[in-house]
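Numbering of residues begins at 1 and proceeds along the displayed sequence. Remember, it's 1-based here, ligands and their atoms both numbered in the order they're listed.
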Amino acid sequence: MAETENRPSNFIRNIIDADLAAGKHKTTHTRFPPEPNGFLHIGHAKSIVLNFGIAQDYNGLCNLRFDDTNPEKEDIDYVNAIKEDVNWLGFKWDGDICYSSNYFDQLFGYAEELINKGLAYVEFSSQEKIREMRGSLKLPGQNSPYRETSPEENLKLFHEMRDGKFKEGECCLRAKIDMASSFICMRDPVIYRIRFVNHHQTGDKWCIYPMYDFTHCISDALENITHSLCTLEFQDNRRLYDWVLDNISIESRPHQYEFSRLNLEYTLMSKRKLNTLVTDGHVEGWNDPRMPTIAGLKRRGYTPGSVTEFCKRIGVTKVDNMVEMGMLEACIREDLNEAAPRALAVVDPIKLVIENLPDGHVEWIDAPNHPNKEEMGTRKVPFSKEIYIEREDFRESANKKYKRLVIDKEVRLRNAYFVKAVRFDQDEEGNVTTVYCEYDPTTLGKLPADGRKAKGVIHWVSASEGVEAEIRDYDRLFTVPNPAAEEDFTTVLNPESLVIRKGYIEPSLLNAEAQQGYQFERLGYYCFDGKTNDEGKMIFNKTVGLRDSWGNGDK
Ligand code: ATP
Ligand code: MG
C-alpha cells in the first residue's frame with residue numbers, strides 16, 4: 001500500500017502503515033498548511049506532494065488550510081495565488097478551504113480553558129524583558145512576576161485584551177509551562193498577542209491574534225488530522241504541540257512528524273526572502289521565471305508533472321541537504337524531450353543568401369514535429385532565398401571538429417537541403433554579416449546520389465517569412481550555491497541571470513500557447529511567455545538547455 005509506482009515509500013509512510021495496521025486510525029487525514037504571506041516555492045511543492053500524495057494513495061483526505069494568524073504579513077492575493085498553484089500541481093483539497101482564522105472563536109475558548117486551569121497568564125513585561133527572562137540554552141529562564149496572577153484576574157485581563165483595552169505590546173498571554181525546560185519553546189511561550197490590524201478573513205473582529213504554536217495543533221485537532229507533517233525546524237515545538245493538546249478538552253489527537261526541508265542550490269527557499277527580491281525589484285515579480293516559486297517555474301515552462309516527479313526523486317527523509325539544480329532540470333528536460341514539439345528559431349542571426357534560388361522564392365516544407373513520434377504530425381516550414389542562421393554556425397575556415405558551415409563545405413539545413421558556402425561579407429569590425437551559398441535541390445529528405453556527406457546539420461529560419469521574437473535566456477539567480485548563508489543575499493545576485501536577445505522564429509510559433517514548451521532545435525527548450533514586449537514581439541522564455549547534439553546530416 002505504502003509504495004506505489006509513482007511514489008516510493010518513506011519513513012512517514014512506514015509510520016502510517018504501522019498506525020493503520022495497529023488500528024490507531026482507519027484512514028489518513030493530512031493537510032497542507034501554508035501561511036498566505038507570499039507565493040509558494042518548490043519547497044512547498046515537496047510538502048504538497050507528500051500530504052496530497054498520502055491522501056491519494058491511502059484513500060484518505062487532505063485539507064488545504066491557510067495558517068493565517070499573522071495578518072500584517074498576509075494578503076488575499078496570496079491566498080488566491082496559493083490555491084491556483086495547488087490546483088496547477090494537480091491536487092484537489094477535500095471539502096472547503098480551511099483557515100485557522102475560522103477557529104478564532106474556538107481558539108479563544110481554549111485559551112480561556114488554559115487560564116481557568118491556571119495554565120496561562122497575562123504578561124505585562126516588555127518584549128525585551130520577556131526575552132531576557134527566557135534565558136538561553138545554557139541558562140534556565142526566570143519566572144515572570146505575573147506568573148502567579150489568579151485565574152479570575154487573568155480571565156478578566158484576557159477579556160480586556162480582546163476588548164481593545166490595552167495597547168499593542170502592552171501585554172500578551174503566555175502559557176504557563178516550565179521556565180527551566182531544556183526546550184526554550186516550553187519556557188512560557190506567548191500564545192496570544194495584541195495587533196490592531198485588519199485581517200483578510202475576519203476583518204476588524206479581533207485585535208488579539210493567537211500564535212502559530214497554539215493555533216496549529218488545535219487547528220489540526222479540529223480538522224481531525226491524523227498525521228501532521230511539518231519540517232524539521234519544528235522538532236522542538238512538538239513538545240509544545242503535545243502540551244497544548246494534552247491540556248485542553250479536545251477529543252481528536254493528531255501527531256506531528258517532521259521531515260527535512262528542501263533546499264535547492266543557487267536559490268532561496270523562504271517566502272520572506274523571496275518577497276525582498278520582489279519588493280526591491282531584483283526580479284519582475286513572484287512569477288519571474290528565475291524565481292523558485294511554483295508560479296515562476298510555470299512561467300518558465302515547467303510542467304506540473306516535472307515538478308511532482310522531482311519531488312518524488314528527492315524523497316522524504318530527516319536529513320538536511322542541498323539538492324542540485326541539475327536534478328530539477330533533468331526532470332523537465334526528460335519531460336520535454338518526450339512531449340515538446342520541435343521548432344526552429346535563430347537567436348544570434350546572420351543572413352545566409354542562397355544564390356541559386358530565384359529572388360522571392362518561398363517553398364513550404366513539411367517538417368516533423370518530433371523526430372521519433374510520428375503521431376505528433378508535421379508542420380509547414382517556409383524555405384526561402386534568404387534565411388537566418390546562427391552566427392556561431394559559420395566560420396571562414398575550420399578543422400574537422402567544427403561540424404557546421406565553412407567556405408567550400410556543405411551542411412544540411414535542418415529539415416531542408418544541403419547548402420555549400422561560397423563567400424561572405426563582413427562589416428568594418430570584421431563581423432560576418434552575410435554568407436552566400438548554393439543549395440543542392442536533390443537533397444530534400446535524402447542524401448545526394450553521389451554519397452556526399454554533410455559536415456553537420458544546422459538550424460535556420462526564413463528571413464522573409466520568419467517572425468522576430470524576444471528570446472529570454474536565464475541563468476542561476478545567485479552566484480553562490482547557498483545564498484541564504486550570506487549576510488545580505490542581494491549582494492550575490494547574478495547580474496547575468498537574464499539575457500535578452502532579438503531572434504527569429506518560424507511562423508508556426510505564432511500560434512504557440514502560453515507556456516507550451518517547444519524544443520528550439522539545437523538551442524534548448526523554450527516556451528511562449530504569454531506576453532509580447534513593448535514592440536509587440538512575442539517573448540519566449542528558456543526553460544532548460546539541451547544536452548544532446550545531432551548526428552551528421554541524413555535529415
Ligand atoms: P517560508 O519560510 O518559505 O515561508 P514556511 O515553512 O514558513 O516557509 P509555510 O507557508 O508555513 O512556509 O509552509 C507550509 C508548509 O510547507 C509547511 O508544512 C512547511 O513545513 C512546508 N514547507 C515550507 N518550506 C518547505 C521546504 N523548503 N521544504 C519542504 N517543505 C516546506
Ligand atoms: Mg512561515
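Looking at Ala45, Pro292, Gly43, Ser270 and measuring to atom 30 (N) of ligand 1, the nearest heavy atom belongs to Gly43. Between Glu35, Glu258, Lys271, Lys46, it is Lys271 that holds the heavy atom closest to atom 12 (O) of ligand 1.
Evaluation of the side-chain hydrogen bond (donor to acceptor under 3.5 Å, both in side chains) rule for Tyr103 yields Glu223 as partners, not counting sequence neighbours.
The existence of a salt bridge linking Lys298 and Asp85 is excluded, since no basic side-chain nitrogen approaches an acidic carboxylate oxygen closer than 4.0 Å. Between Glu128 and Arg131 no salt bridge is recorded (no basic side-chain N to carboxylate O distance below 4.0 Å). Between Arg31 and Asp94, none of the side-chain N atoms (NZ, or NE/NH1/NH2) sits under 4.0 Å from a carboxylate O, so this pair counts as no salt bridge.
Between Phe259 and ligand 1, not a single N/O pair is under 3.5 Å apart. Looking at Thr231 next to ligand 1, an N or O pair under 3.5 Å apart turns up. Considering both main-chain and side-chain atoms, His41 comes within under 3.5 Å of ligand 1 through a nitrogen or oxygen pair. Every N/O-N/O distance between Arg31 and ligand 1 stays at or above 3.5 Å.
Taking the six-membered ring for Trp and thresholds of 30 and 60 degrees, Tyr241 and His216 have ring planes inclined between 30 and 60 degrees apart. Using a 30° and 60° split on the angle between ring planes, Phe158 and Tyr192 fall in the perpendicular class, above 60°.
Evaluation of the side-chain hydrogen bond (donor to acceptor under 3.5 Å, both in side chains) test over residues 160-175, restricted to residues two or more places apart or in two chains, returns Glu123-Arg174.
Within ligand 1, counting atoms from 1 as listed, the ones closer than 4.0 Å to a heavy atom of Pro34 are 10 (O), 14 (C). Listed by number with element, the atoms of ligand 1 under 4.0 angstrom from any heavy atom of His44 are 3 (O), 8 (O), 9 (P), 10 (O), 12 (O), 13 (O), 14 (C), 16 (O), 22 (N), 23 (C).
Ligand 1 is never approached by Phe234 to a heavy-atom distance shorter than 4.0 Å.
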